[in-house]
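Taking it in order: structure first as structure tokens, then the write-up.
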Amino acid sequence: MDLVVSLALQILYGMANLALISLGLAIVFGMMRVINLAHGEFLMLGGYTVVVATNNGVNIWIAMLVLAPLVVGVIGVVVERLLIRWLYGRMIDTLLATWGLSLLCIGLVTSLFGASTATTISPPLGVITIGAYTSSGYEMFLIVVTALLLLAGYAALKLTPLGLVARGTMQNAEMSSALGVSTPRIYMITFGLGAAVTGLAGGLLAPITGVLPTIGAVYIAKAFITVISGGMAILTGTASASVLLGGVNGIVAFLTGPTIGEVALLVAAIVLLRLMPRGITGTFFRKGL
């Protein structure tokens, strides 16, 4: 029984990990149809924000929960104003521009922190004992935080005036503009919020994964696979794809090892998109948010 509980917690953490790294991308890509190839670097910048802040005496919780989303959110607003705003509706140009941005971020961070050694900080909360097994208390914290983020995202998009205006603008910008909505401002806020959520995710994951200038490459493939497999619905799609792909990854990794688990995740995504080309929410939960 202890083994079952420990395994269930590890699988839940795998699901939460996928949802956490994908949520910011789901906001930017799902709502704005912007392919942001610098998404992994935004996660990396969130991680480095936490490392630099804690090394300079800032409390780790303030660094993760306040500074990381704030810093990366501001960077996202600047990027949207200087770069992305000129490329809406030009998907290939946006892809190339954000690829260049990702290379720029990697180069700048490498020049500041070096390229070879991962920068690490100790995860808080210690371990939880489950009979003969142990589990990370911090991983359990991340499961709870991810669930709260999804609920907060739903409430923000469904129940607030800003969420209503943002969804309306993304669906029909011309009509929103005709009704007096400042569409450039809504685009800026939405991209900035997506970047802030991404920075928060990167900051929260830094104590577990460590931080390298090139760590974004580890994140971005999983994030895009999860968002595309989820389909058009931003939150429902991200959550459902995270549950399915994270469950497959966790179970196969337990039975065979982490490398085969990663392969199983990719195979599951390929099979899913073969059977459901529009993703999970293109077939189910069509009215989901």
Side-chain angles (χ1 to χ4, degrees), residues 21-46 49 69-110 153 156-157 162-202 213-217 219-235 237-238 278-279 282:
I21 66 175
S22 304
L23 187 56
L25 181 65
I27 293 172
V28 172
F29 179 65
M31 290 187 68
M32 305 177 70
R33 312 314 297 170
V34 171
I35 300 178
N36 180 19
L37 290 185
H39 175 74
E41 281 61 51
F42 283 4
L43 286 159
M44 176 264 290
L45 291 173
T49 300
L70 180 62
V71 169
V72 181
V74 170
I75 291 173
V77 169
V78 172
V79 168
E80 196 279 337
R81 289 291 85 186
L82 297 181
L83 182 65
I84 304 298
R85 67 178 296 190
W86 310 106
L87 302 175
Y88 289 121
R90 297 157 57 186
M91 190 166 289
I92 299 299
D93 292 345
T94 306
L95 187 151
L96 293 174
T98 54
W99 183 27
L101 177 63
S102 74
L103 296 176
L104 175 63
C105 290
I106 293 171
L108 290 175
V109 172
T110 300
L157 291 174
L162 176 61
L164 177 63
V165 171
R167 287 189 290 132
T169 300
M170 302 313 160
Q171 292 175 8
N172 193 328
E174 292 183 358
M175 180 62 73
S176 297
S177 181
L179 293 173
V181 174
S182 175
T183 53
R185 182 183 178 190
I186 295 299
Y187 283 132
M188 178 188 69
I189 293 173
T190 303
F191 194 90
L193 288 175
V197 171
T198 303
L200 174 62
T214 56
I215 199 171
Y219 293 130
I220 192 166
K222 287 184 179 180
F224 268 105
I225 287 171
T226 303
V227 171
I228 293 171
S229 297
M232 292 295 293
I234 302 164
L235 301 177
T238 301
R278 299 178 62 187

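Keep in mind it's a predicted model, so treat the numbers as computed, not measured.
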Nearest-0.5 Å distance, CZ of residue Arg90 to CG of residue Leu96: 10.5 Å
Non-hydrogen atoms of Met44 and Pro213 that approach each other most closely: CE-O, 3.6 Å
Any Val71 side-chain heavy atom under 4.5 Å of Leu45 side chain: no
Between CG on residue Leu70 and CG on residue Leu200, distance to nearest 0.5 Å: 11.5 Å
CD1-CD1 distance between Ile220 and Ile215, expressed to the nearest 0.5 angstrom: 13.0 Å
Rounded distance (nearest 0.5 Å) linking atom CZ of Phe224 with atom CG of Asn36: 6.5 Å
Shortest non-hydrogen contact between Ala166 and Thr190, atoms and distance: CB-OG1, 4.1 Å
Contact summary for Thr198 and Gly24, nearest pair of heavy atoms: OG1-CA, 3.4 Å
4.5 Å side-chain heavy-atom contact, Ile106 and Thr214: yes
Note, Val197 side chain near Val72 side chain (heavy atom, < 4.5 Å): no
Heavy-atom pair with the smallest gap, counting every atom of Gly153 and Leu235: C-CD1, 3.4 Å
CG-OG1 distance between Leu37 and Thr94, expressed to the nearest 0.5 angstrom: 10.0 Å
Backbone N/O of Ser22 and side chain of His39: donor-acceptor pair under 3.5 Å: no
Student check: side-chain heavy atoms of Leu162 and Ile186 closer than 4.5 Å: yes
Validation row: Glu80, Tyr187 side chains within 4.5 angstrom (heavy atoms): yes
Closest heavy-atom pair and its distance - Ala97, Leu87: CB-CD1, 3.5 Å
Test item: Ile189 and Arg185 side chains (from C-beta on) under 4.5 Å apart, heavy atoms: yes
Shortest non-hydrogen contact between Leu101 and Ala38, atoms and distance: CD2-CB, 3.9 Å
Inter-residue atom distance Leu25.CG - Thr238.OG1, 0.5 Å rounding: 8.0 Å
